[in-house]
Amino acid sequence: SGDAYAIDVKGNTVAFVVGGFNNDMFLMKSTDNGDNWTPDGPPLEFLLQPVFISNFVFAATDTAIFRSSGPGEPWEVLGLKYDRASELAVGPDDILYVAADSVLFRSTDHGDTWAPTSLQYTKIESLAFNSNGHLFAAVDDLGVLRSTDGGQSWDTLSSGMNYPYITALAFDAADFAYAGSAGGGVFRSTATTAAREVNRFPAVQVFPNPATDVVTAVFTLQVPSTVRAELLSPDGRIVRSRIAETAVGPVQILLPLAG
């Protein structure tokens, strides 16, 4: 028994870190939805959140990253060497990220090889991904950073934060970001962090021109979409509008001029 420090679930497999004050920490694993548990691996001084990629489970300690190929399989030490790790995460396309020694590293081959990203020389407290697969990092003294290219470039998203020491990041279902700070409370983004794809039409046909009773707009969509059609006056005022749920293919929307 002891305190649970981290947990992760994939299918029927559950892994969590357990330990206590002045006690060793263990990675415990269940392959039957938590009915039975067995220690998996040696005692560890410090263990980050375990993560899954395919059939592999990864865990990071103070000095090394471990990989196991399945329940009950032995752990192997991966080649990345460092003195202190602060975060372990899996991004889109099963890319593995670890923040260690003030550098964010990434691996595209399940931990066989590693390369540094451009985020370096700063302490990284937390990593998180939104539904677009964009990478967000809570960075000491800098607040929240975002990368849309797998960590090669970053922009700052800390406007409105009056306390920049962010220690935890999370996203809700609408991709609003939540940032927990060390003593400054929890911040919430004022807009969703996910980019919305706009369906662009190759051409829109509008007829008759000039119209007397009804304006007809015809176009073709490549994906099912929610379409808002607006009819504007010469001075830019909206005089008619309609919202329609559309399928793939040709679409026709009618906007009456009167009534």
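- The side-chain heavy atoms of Phe187 and Val144, taken from C-beta on, include no pair separated by under 4.5 Å.
- Residues Asp112 and Arg67 meet the side-chain proximity criterion, which asks for heavy atoms closer than 4.5 Å.
- Residues meeting the side chain to side chain contact (heavy atoms under 4.5 Å, CB included) test with Lys123, sequence neighbours left out: Glu125, Asp140.
- Using a 4.5 Å heavy-atom cutoff, the side chains of Ser147 and Trp154 are in contact.
- Considering all non-hydrogen atoms of both residues, Gly133 and Pro92 come closest at CA-CG, 3.4 Å.
- Considering Leu88, Val90, Ile124, Leu104 as possible partners of Tyr97, the one that fulfils the side chain to side chain contact (heavy atoms under 4.5 Å, CB included) test is Leu104.
- When the salt bridge (Lys or Arg N to Asp or Glu O under 4.0 Å) test is applied to Asp155, the partners found at least two apart in sequence or on another chain are Arg146.
- In this structure, the separation between CG on Leu157 and CD1 on Ile166 is 11.5 Å, given to the nearest 0.5 Å.
- Panel note: side chain Ser107, backbone Thr113; a donor-acceptor pair is recorded below 3.5 Å.
- Here OG of Ser189 is found 6.0 Å from CZ of Phe176. Values are rounded to the nearest 0.5 Å.
- Taking CZ of Phe52 as the reference point, atom CG of Leu96 lies at 13.0 Å (rounded to 0.5 Å).
- Listed by chain and residue number, Ile95, Arg106 satisfy the side chain to side chain contact (heavy atoms under 4.5 Å, CB included) test with Thr108 (two or more places apart in sequence, or in another chain).
- Hydrophobic clustering (side-chain heavy atoms under 4.5 Å, transitive across Ile, Leu, Val, Met, Phe, Trp, Tyr) groups Phe56 together with Trp114.
- Side-chain atoms of Phe171 and Ser131, non-hydrogen and from C-beta on, never get closer than 4.5 Å to each other.
- Checked by atom type and distance alone, the side chain of Ser68 never pairs as donor or acceptor with a backbone atom of Val57 at under 3.5 Å.
- The closest side-chain heavy-atom distance from Arg242 to Ile253 is below 4.5 Å.
- Here Thr156 contributes atom OG1 and Leu145 contributes atom CG; the two are 5.0 Å apart, rounded to the nearest 0.5 Å.
- Here the straight-line distance linking atom CG of Asp175 with atom CG of Asn130 works out to 4.5 Å at 0.5 Å rounding.
- Between the side chain of Tyr82 and the main chain of Ala64, a donor-acceptor pair closer than 3.5 Å is present.
- Atom OG in Ser118 sits 7.0 Å away from atom CG in Asp149 (nearest 0.5 Å).
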